[in-house]
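Take a look at the structure below.
Along the sequence shown, the residues carry numbers beginning at 1. In this text the structure is predicted, and so the values were computed from the model without any measurement.
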Amino acid sequence: MKLNIQKESHRVARINDLILKELAVILQQEMKDPRLEMVTITEVDVAPNLAHAKVYFTVMAEKGTASEQQLALLNKAAGFLRSQLGSRIVLRYVPALRFFLDTSMDRGNKLDTLLDQID
C-alpha cells in the first residue's frame, strides 16, 4: 500500500510541474491582457484526486491593489486557462483552477529585515 501512495504522490508532483510550465507558457503567449504581463506562476498544488488545483502566483510590480486586480483577472480567466491546458496536456480530467497570491517572497523580505535589525 505504501508503494501505491508513493506512485500517486510522484504522479501528482509530475502533474503539478506540467501544469505550472504550461500555464506559464499560456500566460506569456495566449493572454493578451497587459495587466497580466508581470504575473509569474510560482507553484501548483493539485489535489490527490486531480479534481482541483491551487495555482500560486506573484506579481513583479507594485504591491497592493494591483495584485488583487490580477487575482480577480486570473480567477475570471480560469475557465479559459483550463480549456487551454486541456488542449495542451494529455489528462483524462483537467483540474479546475483556483488562483492564490503567493506572499512567501514578502514574508521572506520581512524576515530578512527583522534579522538585519537584530544585528
Side-chain angles (χ1 to χ4, degrees):
M1 185 69 151
K2 192 172 189 178
L3 181 62
N4 190 19
I5 292 171
Q6 285 180 332
K7 279 185 179 179
E8 188 67 29
S9 63
H10 180 66
R11 179 174 183 242
V12 170
R14 284 190 332 226
I15 292 172
N16 287 339
D17 290 340
L18 180 63
I19 290 175
L20 186 141
K21 289 175 187 173
E22 290 299 326
L23 278 177
V25 170
I26 293 168
L27 282 174
Q28 186 180 41
Q29 296 177 356
E30 302 293 327
M31 298 295 286
K32 304 297 184 200
D33 195 330
R35 296 171 289 185
L36 296 177
E37 286 178 354
M38 301 302 287
V39 169
T40 302
I41 304 297
T42 56
E43 183 180 354
V44 175
D45 185 21
V46 176
N49 65 359
L50 307 179
H52 302 283
K54 293 180 182 177
V55 181
Y56 296 92
F57 71 96
T58 60
V59 180
M60 302 300 175
E62 308 221 356
K63 300 175 187 171
T65 59
S67 56
E68 294 298 322
Q69 184 180 29
Q70 277 98 359
L71 176 62
L73 286 169
L74 287 169
N75 279 316
K76 187 175 179 181
F80 169 76
L81 294 169
R82 183 179 181 199
S83 68
Q84 290 295 309
L85 276 175
S87 67
R88 292 171 178 250
I89 60 176
V90 179
L91 285 175
R92 184 175 296 162
Y93 182 78
V94 177
L97 304 175
R98 182 98 192 272
F99 290 88
F100 297 92
L101 185 60
D102 186 358
T103 58
S104 62
M105 289 180 67
D106 292 336
R107 287 191 311 247
N109 289 336
K110 286 180 186 177
L111 283 173
D112 283 342
T113 303
L114 289 173
L115 290 173
D116 288 342
Q117 289 175 358
I118 291 173
D119 291 339

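- With rounding to the nearest 0.5 angstrom, the CD atom of Glu30 is 10.5 Å from the CD atom of Glu22.
- Cation-pi check for Arg82 over Tyr93 is met; the charged atom lies under 6.0 angstrom from the ring centroid and within 45 degrees of its normal.
- Partner of Ile15 under the side-chain contact (heavy atoms from CB on, under 4.5 Å) criterion, out of Val46, Ile89, Val44: Val46 alone.
- Leu73 and Phe100 fall into different hydrophobic clusters, where Ile, Leu, Val, Met, Phe, Trp and Tyr residues are linked whenever their side-chain heavy atoms come under 4.5 Å apart, directly or through other members.
- Residue Ala78 comes nearest to Leu97 through the heavy atom pair CB-O, 3.6 Å, listed as atom of the first residue, atom of the second, then distance.
- Using modelled atom types and a 3.5 Å distance limit, the side chains of Thr42 and Asp102 yield a donor-acceptor pair.
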Worked check of side-chain contact (heavy atoms from CB on, under 4.5 Å) between Arg11 and Leu50: CA-CA 10 Å; Arg11 179 174 183 242; Leu50 307 179; 3.3 Å; yes

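- When every heavy atom of Ile19 is checked against every heavy atom of Pro95, the shortest pair comes out as CD1-CG, 3.8 Å.
- Closest of all the heavy-atom pairs between Leu81 and Ile26 is CD2-CG2, 3.5 Å.
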Trace of the side-chain contact (heavy atoms from CB on, under 4.5 Å) decision for Gln29 with Gln84: CA-CA 11 Å; Gln29 296 177 356; Gln84 290 295 309; over 6 Å; no

Full working for side-chain contact (heavy atoms from CB on, under 4.5 Å) between Phe57 and Leu27: CA-CA 11 Å; Phe57 71 96; Leu27 282 174; over 6 Å; no

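- Cluster annotation: Leu18 and Phe99 are assigned to the same hydrophobic cluster (Ile/Leu/Val/Met/Phe/Trp/Tyr, side-chain heavy-atom contacts under 4.5 Å, transitive).
- Linking Ile, Leu, Val, Met, Phe, Trp and Tyr whenever their side-chain heavy atoms come within less than 4.5 Å puts Leu74 and Phe80 in one cluster.
- Between Leu71 and Asn75, the closest side-chain pair of non-hydrogen atoms falls below 4.5 Å.
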Can you give the donor-acceptor pairs under 3.5 Å from side chains of residues 33-41 to other protein atoms, not counting sequence neighbours?
| unit_1 | atom_1 | unit_2 | atom_2 | d |
| --- | --- | --- | --- | --- |
| Asp33 | OD1 | Arg35 | N | 3.0 |
| Asp33 | OD1 | Arg35 | NE | 3.0 |
| Asp33 | OD2 | Arg35 | NE | 3.3 |
| Asp33 | OD2 | Arg35 | NH2 | 2.8 |

